[in-house]
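Lettering of chains follows the sequences in order, A, B, ..., and the numbering in each one begins at 1. Excluded from the calculations below are hydrogen atoms, water molecules and symmetry mates; all remaining heavy atoms, backbone and side chain alike, are included.
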Protein chains: 2
Amino acid sequence: MVTEREFLDDYDPRAYPAVAVTVDVVTLTIRDGVLHVLLVERGEQPFAGCLALPGGFVREETLDEAALRELAEETGILPRVHLEQLATFGGPGRDPRMRVVSVAYLAFAPRLPDPTVGGDAAAARWVPVDDATDLAFDHDAILAAGLERARAKLEYTPLATAFVGEEFTIAQLRGVYTAVWGEEPHAGNFHRKVLSVPGFIEATGSTTQRGGERGGPRSKLYRAGDARILHPALLRPSSEERR
Amino acid sequence: MVTEREFLDDYDPRAYPAVAVTVDVVTLTIRDGVLHVLLVERGEQPFAGCLALPGGFVREETLDEAALRELAEETGILPRVHLEQLATFGGPGRDPRMRVVSVAYLAFAPRLPDPTVGGDAAAARWVPVDDATDLAFDHDAILAAGLERARAKLEYTPLATAFVGEEFTIAQLRGVYTAVWGEEPHAGNFHRKVLSVPGFIEATGSTTQRGGERGGPRSKLYRAGDARILHPALLRPSSEERR
DNA sequence: AGAGTCATTCTCAGCTTGAGTTAATCTCAT
DNA sequence: ATGAGATTAACTCAAGCTGAGAATGACTCT
């Protein structure tokens, strides 16, 4: 990570401005069909009163462990979360106090209870992503990067299954795509597609106890398959508009 | 990037083991049809004599600037390089001397002259990626991540054009895919495909002065189009084997 | 001149996709 | 109870894309 010569020439901790390394976590979940992100309210300057992504200093642990620890501290306990590194933000001036390099993580969780307030932050809560603006520091950019990553990964990975419970219906899975993409896939084609992609989902053999709230037959239940990537991919309807 | 409370509680630079932040750059190019990576030879312990990725400390600059600077120091001058952040590696124990968090970058360059030795490193050189094993620190893992990213991005971005010159033939572009994927796409289908994806390449109107070295007609010349993503994507032949 | 190479264009069958339709199964309000 | 409306699941069909192979010339080298 550094050439020896430069290490010897330059290495003197006191000669450098202190650099802090933190992790920030973009945690996404779906509540009532709407994509939410976990935010904490800052109590002090700078950005007092602003909402921010949960995060904190990295200790004697790997970066992944730090992200998982921060998340657990904010929300109590996190079962079955998918966690992956998103990107690192480290320009000078991100934090007015000192140089802070922040490794951002992205987490996906099935619907969880409201965060325990006994955690690290004064107040942690789920906020619909559309309302999550004017965050502290450069957290708007971090959130935007997380959302774009999530949207893209729904296409070619079985990530959507991380948002639903152990057993789920195809309609619930479709709801994940609708919430994240902001657009509803064609129900019939979606059904055909998720069943045809090998390893995406597998039938449990049972069905729901009742039909939908407003009627309809009982739907079959599925669980996540063992595929790590989807092939062929599920392309989002709006992909023509991108360019 | 950090809650205020934790910042106040924990922040004391001397109370923390010093953390260094560096950038390491995986620079890929194609020479004689073979994918190469830029490596430097370490002169000192640890890993003296080992090959390593070029990199160094982050100064008063953004992370992107640091990566670009390190690259320029190693190779002289870098025109037209594509540079993107890859991932951050920061577990304890990566470097036996101190905690080092390294932000890895991925760069793609058209064929360049051999690196100027007047740069930062004692000896920088291009090494075929298949020979780039047993690197210092965890650079094997960083390189592997860079290669996988490069292979994936060839599918859905016009990245391949970053490996060739301003003007290029479709065969040269195919050569990029062959070198990176390790598998030659079907020539006819590749030709049809790159021409049909909107914004990938555009004809310049001219042709090469001569045919190929071993015969064949003169080929038309193209330049990169303005698309940022390819739609539909160019899938690698081996994608069925993944799973 | 002849052999071999290679860019480019076609053909064609198979597969996937988008859009719409149909049948059967339920819930809810009347 | 009964009908209206909703929903799952399955089917149809045309259009587009893909992989594989082959044909056509334009070149270079011997």
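Atom CD of E166(B) has 12 or fewer heavy atoms from other residues, nucleotides or ligands within 6.0 Å.
Nearest to the side chain of K220(B), among dA19(C), dT9(C), dT5(C), sits dT9(C). Here the side chain of N189(A) is nearest to one of dG21(D), dA7(C), dG20(C), namely dG20(C). Side-chain proximity of I170(A) to dG21(D), dA9(D), dA6(D): nearest is dA9(D). Side-chain atoms of S219(B) lie closest to dT8(C) of the nucleotides dA20(D), dC6(C), dT8(C).
Side-chain N/O atoms of K193(B) include one lying less than 4.0 angstrom from OP1 or OP2 on dT18(D). Taking 4.0 angstrom as the limit, R218(B) places none of its side-chain polar atoms (N or O) nearer than this to OP1 or OP2 of dC6(C). Under 4.0 angstrom from either OP1 or OP2 of dT7(D) there lies no side-chain N or O belonging to R210(A). At the phosphate of dT8(C), OP1 or OP2 sits under 4.0 Å from a side-chain N or O atom of H191(B).
Whole-Å rounding puts the L235(B) CG to dT16(C) P distance at 12 Å. If you take OH of Y222(B) and P of dA7(C), they are 11 Å apart, rounded to a whole angstrom. For the pair E213(A) CD and dT8(D) P, the computed distance is 12 Å after rounding to whole Å. For E184(B) and dA20(D), the CD to C1' distance is 14 Å, given to the nearest whole Å. Spacing between atom CD1 of I201(B) and atom C1' of dT8(C) amounts to 12 Å, rounded to whole angstrom units. Put simply, CG on L195(B) is 13 Å from P on dT18(D), counting in whole angstrom units. In this structure, H186(A) places its NE2 atom 14 Å from C1' of dT16(C), rounding to the nearest Å. Protein atom CZ of F190(B) is 14 Å distant from nucleotide atom C1' of dT8(C), rounded to whole Å.
Nucleic acid contact class of G211(B) (heavy atoms, under 4.0 Å, all strands): sugar-phosphate only. Among the heavy atoms of the strands lying under 4.0 Å from R192(B) is at least one base atom, whether or not backbone atoms are also near. Within 4.0 Å (heavy atoms only), A171(A) reaches sugar-phosphate atoms of the nucleic acid but no base atom.
The two residues W181(B) and R151(B) have their closest heavy-atom pair at NE1-O, 3.0 Å.
Remark on DNA chain D: of its neighbouring residues Q209(B) and P232(B), the 5'-side contact belongs to P232(B), judged by nearest-heavy-atom nucleotide. Between G188(A) and P217(A), it is G188(A) whose nearest contact on DNA chain C lies nearer the 5' terminus.
If you look at F190(B) and Y177(B), their ring centroids are closer than 6.0 Å.
Within the 3.5 Å criterion, the main-chain N or O of T29(A) finds no donor-acceptor partner in the side chain of R111(A).
Just one residue in the list I142(B), V37(B), L51(B) forms a side chain to side chain contact (heavy atoms under 4.5 Å, CB included) with L135(B), and that residue is L51(B).
Under the 30°/60° scheme for interplanar angles, the aromatic rings of H82(B) and F108(B) are found to be tilted.
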